[in-house]
Amino acid sequence: MAAPPRCELCGARGAPLRCPGCRLTYYCDVSHQKTDWNSVHSKICHLLSPVLKPQRCFHSAKDRKEGKEELLRKQESLVAVAMSRAQCFVWAGQPLEAIPAALQALRSSSRLLGPASLRLLPIYLLLAEACTGAGRPRQAAKYLSQAQWIVLQSPDCSAALQSKLHQGLGLFSIAEGNMDQALYHLANDVYLATAEFGLNSIEVSGGYFHMANIFFHQNKMDAADSLYTEVSSLWHAWLLSSLHGHQRALQAQAEASPFSEEEEGTEEGTTEAQRERGARMLSALLELREQGALQHLGETTQILHSLAIIHYLGQDYAKAQELGMKAFDLAKQLPQQDSLETIGHLLELINAQFSQTT
């Protein structure tokens with residue numbers, strides 16, 4: 001006899017409502033169904049049936065192999081959609097809406113990879129972040145404990161994943177008001193990210209940024225100022241490099257023969273996640289630099305320039321132009337005006353995009 005269906009949202013048994021689309025998920029009531037629909041189910045309803053329903057039989061080894069590979073692709077697509085939804089809700093400051101999507105990613109990944117896979121670590125950390133933001137510290141602590149267990153069971157865990165774990169633990173400690181413990185974890189985050197990516201990587205910037213926030217609220221302005229400066233410098237250098245790579249890619253594309261069968265190799269561009277992370281950090285820094293105890297004209301100019309590059313690479317040319325013009329006007333007030341040329345070049349690139357669309 002089949003077990004009573006569980007609610008997709010809360011896990012309670014005996015859920016009476018069934019989704020009329022996929023006919024695979026059940027809910028306690030309409031409110032739970034609506035919450036799950038708005039968070040993730042509307043995007044994955046059509047993906048669930050091919051993944052969860054019994055697979056058809058194959059008569060040859062070749063067909064079985066191809067069927068297994070096709071199922072794996074569908075499962076990974078389902079996880080990717082759920083993770084993307086959860087991350088977008090967290091970025092938008094909607095942690096409650098992120099939780100059902102992150103739980104869907106966890107369930108699907110656990111079925112695919114097993115309960116102890118290192119690939120579950122980012123999902124547990126995202127769940128912990130969402131639960132912390134939603135005021136559910138006990139649930140956040142549970143997910144962080146699970147993430148720690150996975151790392152302890154995996155001696156080959158990379159420094160990159162360990163750094164993410166320490167950052168998650170640091171953010172949870174901040175929410176709990178334990179600043180000494182937070183600084184301990186964030187210092188480990190910086191150390192491990194540096195070991196994995198190098199001292200000048202943007203992957204180091206998150207630990208610096210959160211440590212600076214702690215020092216700022218402790219009124220340790222010199223320490224906060226130094227770390228905030230490091231964060232803005234790391235992002236500015238990386239974004240300038242990304243902009244140059246973007247220009248080289250466009251130039252190679254323009255020079256490529258239209259009859260060429262092979263595409264020219266180009267450098268990878270920035271990802272949406274990188275741009276969003278940079279925009280959030282730099283926007284917070286901009287607010288600090290424009291007012292209060294940490295006002296600094298040069299730093300403000302650099303941050304505005306960085307944000308303009310982010311919006312340019314994200315193809316939001318109107319916002320990029322607005323920020324670029326602010327940076328250019330401020331740069332003219334600096335004693336040394338070395339940045340005028342690079343900011344002016346960015347504005348030329350932005351104007352060229354506008355001219356192509358008119």
Side-chain angles (χ1 to χ4, degrees), residues 197-206 208-209 212 225-256 264-358:
F197 302 105
L199 191 61
N200 297 320
S201 169
I202 57 168
E203 300 302 325
V204 183
S205 65
Y208 283 145
F209 177 74
D225 184 52
S226 175
L227 290 172
Y228 283 140
T229 298
E230 185 67 21
V231 171
S232 57
S233 296
L234 286 171
W235 278 100
H236 189 248
W238 182 78
L239 285 164
L240 282 175
S241 176
S242 299
L243 180 62
H244 294 152
H246 177 74
Q247 290 176 261
R248 286 193 296 271
L250 289 178
Q251 186 175 1
Q253 186 178 7
E255 293 174 354
E264 294 286 333
T266 58
E267 297 183 25
E268 289 188 9
T270 61
T271 65
E272 181 186 2
Q274 288 170 329
R275 293 193 301 272
E276 179 64 31
R277 188 155 51 99
R280 291 175 72 198
M281 261 189 259
L282 292 168
S283 295
L285 283 176
L286 181 62
E287 187 174 345
L288 287 168
R289 293 302 188 186
E290 287 184 325
Q291 57 190 2
L294 295 179
Q295 288 185 34
H296 193 290
L297 188 62
E299 287 292 314
T300 303
T301 303
Q302 185 183 78
I303 293 166
L304 284 166
H305 186 201
S306 296
L307 286 168
I309 296 173
I310 287 174
H311 287 286
Y312 171 77
L313 295 174
Q315 300 182 5
D316 185 352
Y317 302 121
K319 189 65 177 178
Q321 185 180 57
E322 175 193 337
L323 293 165
M325 287 301 302
K326 286 183 180 179
F328 192 78
D329 291 340
L330 286 181
K332 290 188 288 187
Q333 302 175 38
L334 295 173
Q336 293 182 333
Q337 300 184 354
D338 302 341
S339 58
L340 275 175
E341 184 177 350
T342 53
I343 298 172
H345 177 61
L346 175 63
L347 289 170
E348 289 174 4
L349 294 174
I350 296 168
N351 290 332
Q353 292 296 328
F354 278 124
S355 65
Q356 289 177 16
T357 58
T358 56

Heavy atoms of H236 and S306 approach each other most closely as CD2-OG, 3.2 Å
Got a list of side-chain donor-acceptor pairs under 3.5 Å for residues 318-331, not counting sequence neighbours?
| from | atom 1 | to | atom 2 | distance (Å) |
| --- | --- | --- | --- | --- |
| Q321 | NE2 | N351 | OD1 | 3.0 |

Which heavy atom of S242 sits nearest a heavy atom of L313, and at what distance? CB-CD1, 4.2 Å
Output all residues satisfying side-chain hydrogen bond (donor to acceptor under 3.5 Å, both in side chains) with H244, sequence neighbours left out; order by chain, then residue number. none
R275 side chain to H311 backbone, donor-acceptor under 3.5 Å: no
Side chain to side chain contact (heavy atoms under 4.5 Å, CB included), that's the test. Do L334 and L297 meet it? Break it down for me. CA-CA 7 Å; L334 295 173; L297 188 62; 3.7 Å; yes
Minimum heavy-atom distance V231-F209, with the two atoms named: CG2-N, 3.7 Å
Does any part of the side chain of Q274, heavy atoms only, come nearer than 4.5 Å to the side chain of W238, both counted from C-beta? yes
Q295 CD: over 12 foreign heavy atoms closer than 6.0 Å: yes
Report, as yes or no, whether the 6.0 Å neighbourhood of atom CD on Q247 holds more than 12 heavy atoms from other residues, nucleotides or ligands. yes
Under the ring-ring contact (aromatic ring centres under 6.0 Å, His included) test, which residues partner Y312, sequence neighbours left out? H246, Y317
Which distance, rounded to the nearest 0.5 Å, do you find between the OG of S283 and the CG of L288? 11.0 Å
Backbone N/O of A237 and side chain of S241: donor-acceptor pair under 3.5 Å: no
Heavy atoms, side chains only, cut-off 4.5 Å: are T342 and L243 in contact? no
Taking it one step at a time, do M281 and S205 satisfy side chain to side chain contact (heavy atoms under 4.5 Å, CB included)? CA-CA 9 Å; M281 261 189 259; S205 65; 3.6 Å; yes
Rounded distance (nearest 0.5 Å) linking atom NE2 of H345 with atom CG of L240: 10.0 Å
The test is side chain to side chain contact (heavy atoms under 4.5 Å, CB included); show your working for L239 and L282 and say whether it passes. CA-CA 12 Å; L239 285 164; L282 292 168; 4.2 Å; yes
State, with a plain yes or no, whether a side-chain heavy atom of L285 is found less than 4.5 Å away from one of W235. no
Is there a side-chain contact between I202 and R277, using heavy atoms and a 4.5 Å cut-off? yes
Determine the minimum heavy-atom distance between G198 and V204, stating which atoms define it. O-CG2, 3.5 Å
Between the side chains of T301 and R289, is a donor N or O closer than 3.5 angstrom to an acceptor N or O? no
